[in-house]
Amino acid sequence: MDWTRVEDGLPDREMDLLVCTNTYYIGIGWYYLDSKQWDFEIQKHTEADLGEVTHWMPLPKPPGV
């Protein structure tokens, strides 16, 4: 799997994603199709500015799947 630049395309369905931001945060995120907004798992626990998503990719399959 390779990273996809946001400029090159966005997810076509809502699912867990691995995201990278311009502040070099890498973590789990979601892209909401209706609102065209990104959300991050960590935002539920911090007020830190994680920056803007620059790249995304689907999560790898869990071990043994």
Side-chain angles (χ1 to χ4, degrees):
M1 274 184 273
D2 292 323
W3 289 101
T4 300
R5 292 179 351 148
V6 169
E7 293 86 10
D8 294 337
L10 294 167
D12 59 3
R13 63 186 177 96
E14 294 178 5
M15 61 183 174
D16 294 340
L17 300 164
L18 190 59
V19 298
C20 181
T21 71
N22 60 341
T23 61
Y24 304 106
Y25 165 76
I26 295 177
I28 305 298
W30 300 267
Y31 181 72
Y32 294 104
L33 297 174
D34 291 340
S35 64
K36 298 182 176 21
Q37 298 279 329
W38 290 95
D39 192 13
F40 306 101
E41 175 68 25
I42 196 170
Q43 280 186 335
K44 297 174 185 171
H45 307 291
T46 184
E47 296 297 319
D49 180 9
L50 302 176
E52 298 293 321
V53 173
T54 60
H55 295 77
W56 62 274
M57 64 190 299
L59 292 175
K61 292 181 181 180
V65 175

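Side chains are part of it too, since the values below use all heavy atoms of this structure and drop only hydrogens, waters and symmetry mates.
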From [X] [atom1] over to [Y] [atom2], what is the distance, rounded to the nearest 0.5 angstrom?
| X | Y | atom1 | atom2 | answer |
| --- | --- | --- | --- | --- |
| E52 | T23 | CD | OG1 | 9.5 Å |
| Y25 | T54 | OH | OG1 | 12.5 Å |
| D12 | L33 | CG | CG | 7.5 Å |
| I28 | L17 | CD1 | CG | 8.5 Å |

Heavy-atom closest contact (C20 atom, I26 atom, distance)
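For C20 versus I26, the nearest heavy atoms are SG-CG1, 3.9 Å.
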Could you report the tightest heavy-atom contact between D34 and E14, atom names first, then the distance?
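Smallest heavy-atom distance, with atoms named: N-OE2, 4.2 Å.
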Do M15 and V53 share a hydrophobic cluster, counting only Ile, Leu, Val, Met, Phe, Trp and Tyr and linking them when any side-chain heavy atoms are less than 4.5 Å apart?
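In one cluster: yes.
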Partners passing side chain to side chain donor-acceptor pair (under 3.5 Å) against D8 (at least two apart in sequence or in another chain):
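Testing D8 for side chain to side chain donor-acceptor pair (under 3.5 Å), a comparison that skips the adjacent residues, returns R5.
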Going by side chain to side chain donor-acceptor pair (under 3.5 Å), name the residues that satisfy it together with N22, two or more places apart in sequence or in a different chain.
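With neighbours one apart ignored, the set is empty.
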What is the ring orientation for Y31 with W38, classed by angle as parallel under 30°, tilted 30 to 60°, or perpendicular over 60°?
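Geometry flag for W38 against Y31: tilted rings.
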CA sep, side-chain torsions, deciding dist, call: W30, D16, side chain to side chain contact (heavy atoms under 4.5 Å, CB included)
CA-CA 6 Å; W30 300 267; D16 294 340; 2.5 Å; yes
Okay, side chain of W3, backbone of L18: is any donor-acceptor separation there less than 3.5 Å?
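Not a single qualifying donor-acceptor pair exists.
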